[in-house]
Amino acid sequence: MKVRKDWLLFIAGIVWLIAGGNIMHIGLQAAHGVWHFVSLATAAVVFCLFFFLIFGRLVGKHTHRILGYHDEKVWVFKFFDIKSYIIMAIMMTLGITIRKFHLMPERYIAMFYAGLGAALLAAGAAFLYQFLKVDRGQFKPFVKA
């Protein structure tokens, strides 16, 4: 199925929001409702590292790549490039393996997943922001690629 290339930004936003919500949910479940200052601070550090150093830049990179497609309509799965699909598969496999085989204590999973989930949610929101700007003809890059 092909969609207008600007709609790939919307699709990417929804995918990242769903992933972020799922990861955040896992983190909050692992916390068993008990949060301390150190837990919250660690989750905030994880959020900052992932969003500002990785995901925020990816939003800019993918936005420029998507809007640079020559065709007005492109395949719906082109919101990611091949490298991103491979990285996503590796991250999911590592996360599932770590949880399934209890390779980390749950308190660490809680802090890491809460921060990572929040960063994914923020990236999803950033993609939706880009979509709205492009759709209104007011595109300004969120982050330079």
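The structure displayed is predicted, hence computed values, not measured ones.
- For Lys73, the NZ atom sits in a loose shell: 12 or fewer heavy atoms of surrounding residues, nucleotides or ligands are nearer than 6.0 Å.
- By the 4.5 Å heavy-atom criterion applied to side chains, Glu72 and Lys5 are counted as neighbours.
- Between His32 and Glu106, the closest heavy-atom pair is NE2-OE1, 2.8 Å.
- Counting heavy atoms of neighbouring residues, nucleotides and ligands inside a 6.0 Å radius, atom CG of Leu53 exceeds 12 of them.
- A distance of 4.5 Å separates CD1 in Ile66 from CG in Leu9, rounded to the nearest 0.5 Å.
- In this structure, Val59 is not a member of the same hydrophobic cluster as Met91, with clusters built from ILVMFWY side-chain heavy atoms closer than 4.5 Å.
- To the nearest 0.5 Å, atoms OG1 (Thr97) and NE2 (His102) are separated by 12.0 Å.
- Put simply, Ile26 and Phe101 are part of the same group of oily side chains (I, L, V, M, F, W, Y) that touch within less than 4.5 Å, one to the next.
- Leu116 and Leu94 fall into different hydrophobic clusters, where Ile, Leu, Val, Met, Phe, Trp and Tyr side chains are chained together by heavy-atom contacts under 4.5 Å.
- Using a 4.5 Å heavy-atom threshold, the side chains of Ile98 and Tyr108 count as separate.
- Taking CZ from Phe131 and CD1 from Ile14, the interatomic distance works out to 9.5 Å, rounded to the nearest 0.5 Å.
- Val15 and Ile86 fall into different hydrophobic clusters, where Ile, Leu, Val, Met, Phe, Trp and Tyr residues are linked whenever their side-chain heavy atoms come under 4.5 Å apart, directly or through other members.
- In this structure the side chain of Lys78 reaches within 4.5 angstrom of the side chain of Leu8, judged on heavy atoms.
- Interatomic distance, Met104 CE to Tyr113 OH, rounded to the nearest 0.5 Å: 8.5 Å.
- Heavy-atom minimum distance, Phe55 versus Ala119: CD1-CB, 3.7 Å.
- Ile87 contributes atom CD1, which lies 7.5 Å from atom CG of Leu58 (distance to the nearest 0.5 angstrom).
- Aromatic rings of Phe112 and Phe50 (six-membered ring for Trp) have centroids within the 6.0 Å cut-off, being under it.
- When all heavy atoms of Trp75 and Met1 are compared, the pair lying nearest together is CZ3-N, 2.8 Å.
- Considering every non-hydrogen atom in both Ala122 and Phe47, the closest pair reads CB-CE1, 3.8 Å.
- Tyr85 is listed as a side-chain neighbour of Phe77, based on a closest heavy-atom distance under 4.5 Å.
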**OP:** Carefully, step by step, assess Val46 and Met111 under the rule side chain to side chain contact (heavy atoms under 4.5 Å, CB included).
**Re:** CA-CA 8 Å; Val46 170; Met111 293 180 285; 5.9 Å; no

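- Rounding to the nearest 0.5 Å places CD of Gln130 at 10.0 Å from CG of Leu128.
- Under the 4.5 Å side-chain heavy-atom criterion for Ile, Leu, Val, Met, Phe, Trp and Tyr, Phe79 and Met88 are members of the same hydrophobic cluster.
- Considering all non-hydrogen atoms of both residues, Ala30 and Ile109 come closest at CB-CG2, 4.1 Å.
- Of the charged side-chain nitrogens involved, none lies within less than 4.0 Å of a carboxylate oxygen, so that Asp81 and Lys83 do not count as a salt-bridged pair.
- Annotation for Trp35 and Ala43: closest pair CZ3-CB, 4.4 Å, computed over non-hydrogen atoms.
- With contacts defined as side-chain heavy-atom distances shorter than 4.5 Å, the pair His62/Phe80 qualifies.
- Ring orientation note: the planes of Phe10 and Trp7 are nearly perpendicular, at an angle over 60° on the 30°/60° scale.
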